[in-house]
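The block underneath contains the structure these notes are about, expressed in structure tokens.
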Amino acid sequence: MTRILVVEDSPTQAQQLQLVLEAARFAVVLAPDADAALRHMADSSFDMVISDIMMPGPSGYELCDQIKRDARWRDTPVILLSTLVDPMDIIRGLECGADNFITKPYEPEQLIDRIHTVLRNRQARRQGKLAFGVEVVFLGKKFVVNSEKEQILDLLIATFEDIVRTNRGLQESKAELLAAKAQIETYALELERRVEERTKALVEQQQQLAQAQKMEAVGQLTGGIAHDFNNLLTVITGTIEILADAVGHQPQLVEIAAMIDQAAHRGAELTQRLLAFARKQPLHPRATDTNELVIGAAKLLRPTLGEHIEIESMLEENAWPALVDPGQLTTALVNLAVNARDAMPNGGKLTLETGNVYLDEAYAKAHREVSPGAYAMVAVTDNGTGIPAAIRDKVFDPFFTTKEAGKGTGLGLSMVYGFVKQSGGHIKIYCEDSHGTCIKIYLPRAAAQDIESIDVAMVTPAQGGTETILAVEDDPLVRNYVIAQLVGLGYRAIPAANADEALVLIDQGTVYDLLFTDVIMSGSKSGRELAEEVLRRRPDIKVLYTSGYSESAIIHNGRLDPGVLLLTKPYRRSDLARMIRVALGGTRSGTPG
């Protein structure tokens with residue numbers, strides 16, 4: 001097989017040349033510079049050298065000269081690669097003994113044909129069919145053309161013809177150069193304008209990055225607070241149900257119990273909004289018909305917004321399904337609609353819109369948090385007072401509100417923002433002072449595999465059983481409450497304060513039907529890690545998780561991992577009973593006590 005040594009300092013061009021040569025069934029060895037090439041030639045024999053001219057260290061001319069001066073290699077053909085435009089460059093190559101030239105860029109077929117020609121000429125010279133050297137005197141310089149005299153002279157002639165044509169056209173080009181100078185000055189102005197625009201864009205991107213970092217920090221704080229509140233609310237919500245049953249015959253106490261229950265419910269809503277902003281609420285995304293959802297939301301909003309607000313729907317005829325939690329999207333639309341109503345105190349028009357949108361690379365570059373791709377768009381537009389420019393960058397901040405004290409928590413828009421981001425989407429505000437506001441939500445387009453069956457938890461009856469449950473919860477109040485509720489439902493419930501205690505109980509030999517564990521716990525292991533250890537010991541045990549917020553241990557890409565069951569805190573007794581039955585398989589064993 002013909003062996004070719006390729007000398008090229010650019011790795012990319014070297015690999016490209018190697019692919020072309022190997023496709024033509026040549027064996028190729030690469031060298032990054034002239035020194036490495038000479039070492040290769042000293043160690044092995046080659047049928048040809050193809051070398052770039054401009055390289056670090058000795059040039060291709062110098063490499064060719066050394067090869068041709070060495071008795072061991074002088075018969076080895078050398079082809080030089082370069083963007084040759086000056087006849088003197090060609091002459092210099094001939095002086096050092098180059099057999100041929102290839103100008104960049106080149107066509108692969110041209111290169112392969114030139115290689116075969118050079119190799120045939122070398123063979124002809126060896127057989128005496130071609131002279132070993134033709135002495136040429138050109139521009140006062142003497143050198144020997146070893147092969148392909150006609151091709152090289154043609155290259156020289158063509159290059160000189162270019163120079164002659166250039167000289168003839170100098171006078172004609174003078175006016176063109178003057179015109180080009182004026183044109184360049186006008187480009188210069190355009191470049192200055194573009195630089196200014198780019199600088200502004202970079203400033204906007206820096207502001208976006210700072211805002212994202214601030215939101216992330218506040219999100220971590222609010223998520224932790226919401227987690228602790230949800231533990232407390234779980235106990236309050238469940239306990240008030242028990243008290244309400246106990247005082248059912250005393251109307252005055254029933255009213256007080258109802259007030260406490262209502263307060264707990266409002267507290268749960270508040271923590272849910274905090275979790276939504278922090279992007280830590282458990283979501284159940286599935287393929288959702290945005291047109292149907294908007295139609296349903298419009299019906300819900302008519303009595304909420306009042307008769308002075310006109311509601312209009314503009315629906316995309318073939319709207320793409322969105323991969324989103326439909327319940328949370330409805331809540332987000334209600335929040336946006338209520339904010340819009342407050343911006344139209346004297347009445348106005350609210351428009352709900354759906355659409356199909358492709359956010360391209362250019363848009364993604366301008367909005368660093370966006371991934372280019374197909375999105376299902378849902379927009380809420382009003383013709384109210386608009387959002388003043390001075391506060392537009394703050395409207396998604398938690399607890400920021402322009403309403404008077406007691407009129408709002410300042411979590412409505414921040415909840416929408418967090419929900420959209422957690423769903424893998426994008427939210428954008430379009431607004432002009434006194435001309436209304438349009439808020440567009442871009443949600444990932446759902447694929448066929450995102451279509452899910454009906455939630456079995458919604459159709460499973462809330463009832464008890466007699467199975468044995470290991471309940472792991474590090475908060476003592478919540479642990480005691482859970483055990484009391486499970487026992488009240490008829491189950492045999494064994495408590496554990498952390499993963500280590502739970503594993504000790506498992507290893508004692510008691511047969512458990514279900515592991516009911518918190519996800520975030522103090523100690524050496526999380527609830528997910530505990531479940532993995534338990535399943536290694538007891539593969540048949542069922543697992544149900546509970547948590548005050550979305551945790552990456554069981555939720556990835558905004559959705560629960562396959563096969564994972566989660567009961568979100570705070571929960572009522574009926575929710576606990578229903579999810580326990582779902583986790584155990586939906587059938588009841590025995591009668592609750």
Side-chain angles (χ1 to χ4, degrees), residues 208 276 283 285-302 304-305 309-341 343-344 348-384 386-387 392 395-396 412-413 415-432 435-452 557-558:
Q208 290 176 6
L283 297 179
R286 58 177 179 267
T288 301
D289 186 326
T290 53
N291 282 351
E292 286 188 4
L293 187 139
V294 165
I295 292 171
K299 293 178 180 177
L300 178 67
L301 288 171
R302 293 191 192 281
T304 303
L305 301 184
I309 302 294
E310 177 189 354
I311 301 177
E312 180 185 46
S313 298
M314 297 175 59
L315 307 179
E316 174 76 30
E317 183 177 355
N318 298 306
W320 293 334
L323 181 60
V324 69
D325 186 320
Q328 294 299 329
L329 178 56
T330 298
T331 301
L333 293 180
V334 170
N335 271 284
L336 294 178
V338 169
N339 274 277
R341 177 198 63 189
M344 300 182 287
K349 184 177 182 179
L350 179 79
T351 303
L352 303 177
E353 180 185 359
T354 62
N356 301 330
V357 176
Y358 186 87
L359 301 181
D360 59 16
E361 294 281 355
Y363 189 90
K365 287 181 180 179
H367 302 79
R368 60 180 300 276
E369 77 282 7
V370 175
S371 298
Y375 290 83
M377 187 273 294
V378 181
V380 177
T381 305
D382 67 69
N383 59 354
I387 303 174
R392 282 177 201 162
V395 295
F396 291 135
L413 288 179
M415 182 277 290
V416 176
Y417 175 88
F419 156 69
V420 172
K421 293 299 182 183
Q422 188 178 348
S423 300
H426 172 58
I427 185 168
K428 182 74 173 177
I429 294 180
Y430 300 89
C431 183
E432 293 183 16
H435 287 83
T437 301
C438 175
I439 298 183
K440 292 187 176 182
I441 296 174
Y442 301 91
L443 299 165
R445 180 183 181 182
Q449 63 267 27
D450 295 317
I451 299 176
E452 298 178 352
N557 298 322

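We're numbering straight along the sequence, starting at 1. Keep in mind that the numbers below use all heavy atoms, side chains included, and drop hydrogens, waters and symmetry copies.
Considering only residues two or more places apart in sequence or on other chains, Asn291 meets the side-chain contact (heavy atoms from CB on, under 4.5 Å) condition with Asp289, Leu315, Ala319, Thr354. Ala379 pairs by the side-chain contact (heavy atoms from CB on, under 4.5 Å) definition with Glu353, Met377, Cys438, Lys440, not counting sequence neighbours. Every side-chain contact (heavy atoms from CB on, under 4.5 Å) that Glu310 has, sequence neighbours left out, goes to Lys349. By the ring pair (Phe, Tyr, Trp, His ring centres under 6.0 Å) test, Tyr442 pairs with His426, sequence neighbours left out. Listed by chain and number, the residues in a side-chain contact (heavy atoms from CB on, under 4.5 Å) with Leu300 are Thr330, Val334 (sequence neighbours excluded).
Remark: the backbone N or O of Val324 is paired with a side-chain donor or acceptor of Thr288 at under 3.5 angstrom. Asn356 places a side-chain N or O within 3.5 Å of a backbone atom of Asn318 that can act as its donor or acceptor partner.
Contact annotation: the side chain of Arg341 never approaches that of Leu350 to less than 4.5 Å [non-hydrogen atoms, C-beta and beyond]. Residues Val380 and Thr437 have side chains not in contact (no heavy-atom distance under 4.5 Å, counting atoms from C-beta outward). Side-chain contact between Arg445 and Leu323 is absent, with no heavy atoms from C-beta onward closer than 4.5 Å. Residues Val416 and Val420 have side chains in contact (heavy-atom distance under 4.5 Å, counting atoms from C-beta outward). Residues Tyr417 and Gln422 form no side-chain contact, since every pair of their non-hydrogen atoms from C-beta on lies 4.5 Å or further apart. The shortest distance between side-chain heavy atoms of Leu293 and Pro326 falls below 4.5 Å.
The line from CZ of Arg302 to CD1 of Ile309 is 12.0 Å long, rounded to the nearest 0.5 Å. In this structure, CD1 in Ile311 is found 12.5 Å from NZ in Lys299, a value given to the nearest 0.5 Å. The line from CG of Leu329 to CG of Leu443 is 6.0 Å long, rounded to the nearest 0.5 Å. Put simply, OG1 on Thr351 and CG on Asp382 are 9.0 Å apart, with the number rounded to the nearest 0.5 Å. The line from CD1 of Ile441 to CG of Leu333 is 5.5 Å long, rounded to the nearest 0.5 Å.
Across all non-hydrogen atoms, the minimal contact from Asn339 to Asn335 is ND2-O, 2.9 Å. Closest approach of Trp320 to Thr290, counting heavy atoms only: O-OG1, 3.9 Å. The heavy-atom pair separating Ala364 from Pro372 by the smallest distance is CB-CD, 3.8 Å. The minimum heavy-atom distance linking Ala322 with Ala376 is given by the pair CB-CB, 3.8 Å.
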Apply the test side chain to side chain contact (heavy atoms under 4.5 Å, CB included) to residues Tyr375 and Val370: give CA-CA distance (whole Å), side-chain angles for both, the deciding distance (0.1 Å), then the verdict.
-> CA-CA 11 Å; Tyr375 290 83; Val370 175; 4.2 Å; yes
